[in-house]
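What follows is a short report on a single structure.
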Amino acid sequence: MLKLNKSTVIDIFMIALGCAIYGLSLEIISVPNKLADGGISGISLILRHFWNINMGLSTLVLNIPLIILGYRFMGKRLLTYTIWGTLCLSFFLWFWRSVPIIKQLDLEHDLFLSAISAGVLSGIGLGLVFRYNGTSGGTDIIARICQIKFGISSGKMLLFCDAVVLFASLSYLDLKHMMYTLLASFVLSRVMDTIQQGAYSARGLLIISDKYEQIGKMIDLKLDRGFTYFKALGGYKQDNKRVIYVVVSPREIATIKQLIRQEDPNAFVSIIEVHEALGEGFTYKQKRHHLLIRK
């Protein structure tokens, strides 16, 4: 059994919230605008179209073999979260359909808006589920296994699985609706990866310069950012080098490039995309006075 500490309670709540948002997206946007979906949800839509089978029930039944598969690869916590996510999604697919105040948004006159809206809302929902270590069942389990075992982005893996199911959905959708569904799936994968990786995007800079001390002082004075010196060995001359590593927000890139250029026009700078930055200056208040760090 899982210990119900604060972290676990937050995970359980956020997985439920993510499933609620995803289920709402399917019910109020995808279904009325005849947009298909990928994975188990897409199969449930096919079953609903041809045989009017309740999506909540079919989602629950179809997830059972995938949960058994997940048991082999996932630990106790992840498996428990997966079962919880599966139950939550099945519940909310039934719940939103039965709540009279929830109105379906028929945007078929603007399928582009429908696709973008469905992709964004579904991406937020699934992104929250994955960010808090869960899945909503279905092909999410396959995506999670691939992420754990092979390091494949969950968003990309879901996009692949979606494409397979969407091809089958051509049995009841015309090509026009299918193309807009693919657009929704692409938006979903991008939004999902963004939500899962975190909102605090940043840029990391590796700076190699003989004037590393002057550059370091200017980073401290002008940007008020902490930084680290790495010891390095030059590949050609085999001489010792100091490499500055600093993380800044995207809007500070122009400023720091100008700062480096002023101190050393010949400095080598490599800019790396940082998907998430936690700590001083990003997730809590930036310190006003910090020391130069030397290693």
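Everything quoted here is computed from the prediction, not taken from an experiment. The first residue of the sequence shown is numbered 1, and numbering continues consecutively from there.
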Nearest heavy atoms of [X] and [Y], plus distance in Å:
X      : Y     : value
His177 : Lys34 : CD2-O, 3.4 Å
Ala118 : Leu35 : CB-CD1, 4.3 Å
Leu26  : Pro32 : O-CD, 4.4 Å
Leu47  : Ser58 : CD1-CB, 4.0 Å

Hey, does [Y] have a side-chain heavy atom less than 4.5 Å from the side chain of [X]?
X      : Y      : result
Ser44  : Leu62  : yes
Leu89  : Tyr22  : yes
Phe130 : Met192 : yes
Ile244 : Leu205 : no

Taking side chain to side chain donor-acceptor pair (under 3.5 Å) as the definition, give me every residue that meets it alongside [X], ordered by chain and number, with sequence neighbours left out.
X      : result
Ser90  : none
Ser185 : none
Lys241 : Asp210

Considering residues at least two apart in sequence or located in another chain, which fulfil the ring-ring contact (aromatic ring centres under 6.0 Å, His included) criterion with Trp84? none
Only counting residues at least two apart or in another chain, list the ones meeting ring-ring contact (aromatic ring centres under 6.0 Å, His included) with Phe91.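 So Phe91 forms a ring-ring contact (aromatic ring centres under 6.0 Å, His included) with Trp94, Phe95.
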Set of salt bridge (Lys or Arg N to Asp or Glu O under 4.0 Å) partners for Lys257, sequence neighbours left out: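 By the salt bridge (Lys or Arg N to Asp or Glu O under 4.0 Å) rule, Lys257 matches no residue at all.
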Non-neighbouring partners of [X] that pass side-chain contact (heavy atoms from CB on, under 4.5 Å), sequence neighbours left out:
X      : value
Leu259 : Ile215, Met218, Ile219, Lys222
Arg190 : Phe186
Leu183 : Phe112, Ala115, Ile116, Tyr180, Val187
Met14  : Ile10, Leu17, Leu128, Tyr132

Which of these passes side-chain contact (heavy atoms from CB on, under 4.5 Å) with Ile207: Val246, Ile271, Asp264, Val243?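 Between Ile207 and the candidates, side-chain contact (heavy atoms from CB on, under 4.5 Å) is satisfied uniquely by Val246.
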Give a yes or no on whether a salt bridge exists between Lys217 and Glu263, defined as a side-chain N under 4.0 angstrom from a carboxylate O.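 No, no charged N to carboxylate O under 4.0 Å.
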Take Gln238 and Leu233 through the side chain to side chain contact (heavy atoms under 4.5 Å, CB included) test and state the conclusion after the steps. CA-CA 6 Å; Gln238 298 291 302; Leu233 183 66; 3.6 Å; yes
Whether the Thr255 and Gln258 side chains hold a donor-acceptor pair (N or O, under 3.5 Å, no angle test) is what I'd like checked.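 Result is no, nothing qualifies.
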Looking only at the side chains, is there a donor atom on one of Asn5 and Thr8 sitting less than 3.5 Å from an acceptor on the other?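 Yes, Thr8 and Asn5 have a side-chain donor paired with an acceptor closer than 3.5 Å.
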Taking the side chain from [X] and the backbone from [Y], do they hold a donor-acceptor pair closer than 3.5 Å?
X      : Y      : value
Arg131 : Ile195 : yes
Asp220 : Gly216 : no
Thr86  : Thr82  : yes

Can you tell me how far the [atom1] atom of [X] sits from the [atom2] atom of [Y], to the nearest 0.5 Å?
X      : Y      : atom1 : atom2 : result
Ile256 : Arg225 : CD1   : CZ    : 9.5 Å
Cys19  : Leu93  : SG    : CG    : 9.0 Å
Leu206 : Ile208 : CG    : CD1   : 7.0 Å
Leu223 : Glu252 : CG    : CD    : 5.5 Å
Phe230 : Tyr245 : CZ    : OH    : 7.5 Å
Ile124 : Leu24  : CD1   : CG    : 11.0 Å

Of Ser117, Ser122, Ser30, which is the lone residue that meets side chain to side chain donor-acceptor pair (under 3.5 Å) with Ser25?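 For Ser25, the side chain to side chain donor-acceptor pair (under 3.5 Å) test succeeds with only one of Ser117, Ser122, Ser30, which is Ser122.
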In the single-linkage hydrophobic clustering (I, L, V, M, F, W, Y; side-chain heavy atoms under 4.5 Å), do Met178 and Phe50 co-cluster? yes
Residue pair Tyr212, Tyr229: steps toward the ring pair (Phe, Tyr, Trp, His ring centres under 6.0 Å) verdict: CA-CA 9 Å; Tyr212 61 88; Tyr229 289 142; 5.4 Å; yes
